Number of protein chains: 2
Amino acid sequence: MQKDTLCLGLLSLGPRSGYEIKQMFEGPLSDFYSLSFGTIYPTLNKLQDEKYVSCKQLSQSKKPDKKVYTITKKGKDLMKDNLLGDASAYIRSGNFGDQIKSEFFLLLLFAKYLPQETLDTVLNERTLFLRQKLEQFKYDGPVPSDLQALRNEKSVAFIRGLATTLIESGLNYMEKNRGKLN
Amino acid sequence: MQKDTLCLGLLSLGPRSGYEIKQMFEGPLSDFYSLSFGTIYPTLNKLQDEKYVSCKQLSQSKKPDKKVYTITKKGKDLMKDNLLGDASAYIRSGNFGDQIKSEFFLLLLFAKYLPQETLDTVLNERTLFLRQKLEQFKYDGPVPSDLQALRNEKSVAFIRGLATTLIESGLNYMEKNRGKLN
DNA sequence: GATTATATATATCAACCTGATATAGATACC
DNA sequence: GGTATCTATATCAGGTTGATATATATAATC
């Protein structure tokens, strides 16, 4: 997804600074996508130059100033056009489309070169890690206000449910079939 | 995973040219990782300079010459060391670790900006796409000789089984819950 | 038999992105 | 008082991708 469209999409959930956009990527979005500061800040500047977002400088007591960006009508139109135009390309990506880049699967691919003991540890820790992830996705308590906008989206509920299902069936498979790696 | 380790790992399954390594990434490995020619060729040159692989120039009738690389003892040792050293880092990556980069999930996140009709089409095509992927992973017939080495690995059977399970439960979830996106 | 498309094979490079680093004010802790 | 951490913006070296170039050979199309 184009970084422009992505930033506009996140700003469509409410006005935000670059720092806060980064926090969304490090929170609930981290499993699906990420952008670095080196991309976010220049993108926001470009979007502002081209009037897709407006910017207000806020001086805060007790914290450094921040630049809060708000999506404009022109920006919303661009975002919708881009989503529509690229939708068909995104159908074939991710979750066994073309973007997984799983280093863990690569490690398993070469499992025969690991000592049995190491392989056992790896599989045990992977199980623990996935159980933690599962708890994260299932967690339904309060979240920092920055992330509440995301939490409120119907689509986020759908995606969290899907993620939960996938992790559960993956854990199940691992427990039943890990013996086959020896 | 370091590109060096990855190339050495693939060469450990048998001697290969850079072009053939790329073909592995475009075949069964494409769902988990990929490297471009711009990375593969320089990596092989570097590995050769440092004696981790040896190289034979083959002139073929009916095809251009190719450079076939073979992993050396020194190369196998390096690969094993690297796998062991980095194993713990790979536990937390991929399949709801930190590397998915799913553009499809992002598209769903902004589903409310798509016309209902487009969203329906997107979900239908996604279902078709995943069913095709499922057939690919389940396919057990003959494969091009380049890819037979991969097919023979026990670990590949494990990973194919896991992928099959994940796609099946994902499809199931989508069919049951797609109404929640409206 | 001429042209076009496609496959094998290697190589390079501009454009882009990340991860690291720099800067800076403020709070918290010991 | 020193140090660590959080908020906040910004820049940049280094690395990767996707596109492009080059070359040979086969197959298809016209």
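Heavy atoms only: backbone and side chains are in, while hydrogens, waters and symmetry mates are out. These numbers were taken from a predicted model, which means no experiment stands behind them.
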Given DNA chain C, 5'-ward residue of the pair B:Pro42 and B:Glu20, judged by closest heavy atom: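 Per heavy-atom nearest nucleotide, the more 5' residue is B:Glu20.
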Quick check on DNA chain C: between B:Thr39 and A:Thr39, whose nearest nucleotide comes earlier from the 5' end?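 Residue closer to the 5' terminus by nearest nucleotide: B:Thr39.
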Would you indicate, yes or no, if [N] has its OP1 or OP2 atom less than 4.0 angstrom from a side-chain nitrogen or oxygen of [X]?
{"X": "A:Lys67", "N": "D:dT9", "value": "no"}
{"X": "B:Tyr41", "N": "C:dT10", "value": "yes"}
{"X": "B:Lys3", "N": "D:dT16", "value": "yes"}
{"X": "A:Tyr19", "N": "D:dT7", "value": "yes"}

Search all heavy atoms of A:Arg160 against all heavy atoms of A:Tyr139 and return the closest pair with its distance.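 Closest heavy-atom pair between A:Arg160 and A:Tyr139: NH2-O, 2.6 Å.
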Please report the shortest heavy-atom distance between B:Ala157 and A:Tyr173, naming the atom on each side.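 Answer, listing the atom of B:Ala157 first, then A:Tyr173: O-OH, 4.1 Å.
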Below 4.0 angstrom, N of the basic side chain to O of the carboxylate: do A:Glu50 and A:Lys74 qualify?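 Between A:Lys74 and A:Glu50 there is no salt bridge, as every charged N stays at least 4.0 Å from the carboxylate O atoms.
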Against the six-membered ring of A:Tyr69, is A:Arg16 placed for a cation-pi contact (under 6.0 Å from the centre, within 45° of the normal)?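 Verdict for A:Tyr69: no cation-pi partner in A:Arg16.
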Are any non-hydrogen side-chain atoms of [X] and [Y] less than 4.5 angstrom apart?
{"X": "A:Val122", "Y": "B:Tyr90", "result": "no"}
{"X": "A:Asn124", "Y": "A:Leu128", "result": "no"}
{"X": "B:Cys7", "Y": "B:Leu35", "result": "yes"}
{"X": "B:Pro115", "Y": "A:Leu84", "result": "yes"}
{"X": "B:Lys76", "Y": "B:Leu8", "result": "no"}

What is the nucleic acid contact for B:Gly38, judged by heavy atoms within less than 4.0 Å: base, sugar-phosphate only, or nothing?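 Touches a base.
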Write down the distance between [atom1] ([X]) and [atom2] ([N]), rounded to a whole number of angstrom.
{"X": "A:Lys22", "N": "C:dG19", "atom1": "NZ", "atom2": "P", "result": "7 Å"}
{"X": "B:Met24", "N": "C:dT8", "atom1": "CE", "atom2": "C1'", "result": "17 Å"}
{"X": "B:Ile21", "N": "C:dT8", "atom1": "CD1", "atom2": "C1'", "result": "15 Å"}
{"X": "B:Ile40", "N": "C:dT10", "atom1": "CD1", "atom2": "P", "result": "10 Å"}
{"X": "A:Gln57", "N": "D:dT9", "atom1": "CD", "atom2": "C1'", "result": "10 Å"}
{"X": "B:Lys46", "N": "D:dG15", "atom1": "NZ", "atom2": "C1'", "result": "12 Å"}
{"X": "A:Tyr69", "N": "D:dT9", "atom1": "OH", "atom2": "C1'", "result": "9 Å"}
{"X": "A:Phe37", "N": "D:dT7", "atom1": "CZ", "atom2": "P", "result": "10 Å"}

Indicate the ring-plane relationship of B:Phe105 and A:Phe32, choosing parallel, tilted or perpendicular according to the 30° and 60° boundaries.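 Answer is perpendicular, since the angle exceeds 60°.
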Watson-Crick or G-U stems involving DNA chain D, each at least 3 pairs long, distances under 3.5 Å, ordered by first number: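 The stems are C:1-30 with D:1-30.
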Return the residues of residues 7-17 of chain A meeting this criterion: a heavy atom under 4.0 Å from some atom of DNA chain C. Order them by number, or give none.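 Of all residues in residues 7-17 of chain A, none places a heavy atom under 4.0 Å from DNA chain C.
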